[in-house]
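Atoms within a ligand are numbered from 1 in the order they appear, just like the ligands themselves. Just so you know, these numbers use all the heavy atoms, side chains as well, and skip hydrogens, waters and symmetry mates.
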Amino acid sequence: MLSTPLSADHRSGFIALIGRPNVGKSTLVNQLVGEKVAITSPVAQTTRNRLRAILTTEVAQMVLVDTPGIHKPHHLLGERLVQSARTAIGEVDLVVLLLEGCERPGRGDGFIVNLLRQQPLPVIVVLNKWDKVAPDQQEASEAAYDELLSGLDWPRYRCSALSGEGCSDLSVDMAAMLPTGPQLYPPEMVCDQPERVLMGELIREQVLLHTREEVPHSVAVTIDRVEEMPAKGKGGGRTAVLATVLVERKSQKGILIGKGGAMLKTIGQGARLQMQTLIDGPVYLELFVKVVPDWRSKPQRLNELGYGVNTP
Ligand code: GDP
Ligand code: MG
């Protein structure tokens, strides 16, 4: 099939989504590409791996870099998350700064705005979660952000990454602010991460969704095996996935497994359904839980799990 030649002013480039944890970066990535490539959750700091999602339109190709939120480092993992966000700014053509429209600016926002002020990249501001701002509050919300952004001529959008409102105007302007250039990825590609990484992330998402505070930050997932099962016989035609959830403490393992294995079953079922959508076919998922004391503070372990400094 012959593809239409790209016009002379076709644009392309990398766009970093920057903002505090929980502001809706991953939700916006999914909304813009129209598919679930980034995991989201009500728990802050969900995004651990840098992920590139690709949005191809008739006039442009935008490579969206979903970064972890910038925040104060607490321990080794935290420091690497921050480092990764700073690095993202250095590698892109445009920054989309997400702010929580439904709340007043916080100290974290000031820190991010200052970081961005000091660099020459174009910036677009998104006041996200605008669906949560009552009509009589809109003016006050805008005014609060006027102060934070004073002296800056960054264009501003009011959006709901969740419902999609305001997002198509945003993507038109994002494209227009990129340099002219060719397509960087095949147009049908929506994500640069291998399926295995996405599968691991879908499992981690279910863990975040179903467990309490003490578990989430100390969870990592490895996908140990992915195998197509033969069409005939029991479970035939399905994709078998064997995965391990790593936790730091025995008590966390207990929580994850739950009474009579109930929690692990819930997590597995949720992840399996999401994986079926991802690979568009039936999945058989087997989950194990393993205790690796203090994995977050061990550089070698972090590298193996893909959180290394040079392997975002
Ligand atoms: P991230 O940490 O910046 O990647 O934030 P997420 O994308 O994981 O979103 C954090 C939470 O905010 C999730 O529960 C989302 O469903 C929710 N959320 C994101 N965008 C919106 C929005 O526009 N409106 C509303 N009401 N909720 C949103
Ligand atoms: Mg995220």
Subject >> Proximal candidate to atom 18 (N) of ligand 1 [heavy atom criterion; set Glu205, Lys129, Arg158, Glu165] >> reply: Lys129
Original post:
Nearest non-hydrogen atom to atom 23 (O) of ligand 1 belongs to which of Ser163, Gly19, Ala161, Gly166?
Top reply: Ala161
Original post:
Is there any N or O on Cys159 that sits under 3.5 Å from an N or O of ligand 1?
Top reply: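 N/O-N/O distance below 3.5 Å does not exist for this pair.
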Original post:
Can an N or O of Thr27 be found at a distance shorter than 3.5 Å from an N or O of ligand 1?
Top reply: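 There is such a contact, yes.
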[X]-[Y] side chain donor-acceptor pair, cut-off 3.5 Å:
{"X": "Tyr157", "Y": "Asp173", "result": "yes"}
{"X": "Tyr284", "Y": "Glu286", "result": "yes"}
{"X": "Asp224", "Y": "Thr244", "result": "yes"}

Subject >> Other residues, nucleotides, ligands: >12 heavy atoms within 6.0 Å of Glu147 CD >> reply: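 Result for CD/Glu147: open.
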**OP:** Report the distance from atom OG of Ser160 to atom CG of Leu28, rounding to the nearest 0.5 Å.
**Re:**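 Nearest 0.5 Å value for the OG-CG distance: 9.5 Å.
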What part of [X], side chain from CB on, backbone N/CA/C/O, both or neither, has a heavy atom under 4.0 Å from ligand 1?
{"X": "Lys132", "value": "side chain"}
{"X": "Asp131", "value": "side chain"}
{"X": "Asn128", "value": "side chain"}

Subject >> Ionic contact status for Arg156 with Asp146, cut-off 4.0 Å >> reply: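 Judged by the 4.0 Å cut-off on N to carboxylate O distance, Asp146 and Arg156 do form a salt bridge.
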Subject >> Lys/Arg N to Asp/Glu carboxylate O, Lys132 vs Glu103, below 4.0 Å >> reply: no
Subject >> Atoms in ligand 1 flagged as close to Ser160, the criterion being non-hydrogen separation under 4.0 Å >> reply: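 It comes down to these atoms of ligand 1: 22 (C), 23 (O), 24 (N).
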**OP:** Could you list which atoms of ligand 1 come closer than 4.0 Å to a heavy atom of Ser26?
**Re:** 4 (O), 7 (O)
Original post:
Near the Mg ion (ligand 2), is there an N/O/S atom from Ser26 that is less than 2.8 Å away?
Top reply: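 It does: Ser26 brings an N, O or S atom closer than 2.8 Å to the Mg ion (ligand 2).
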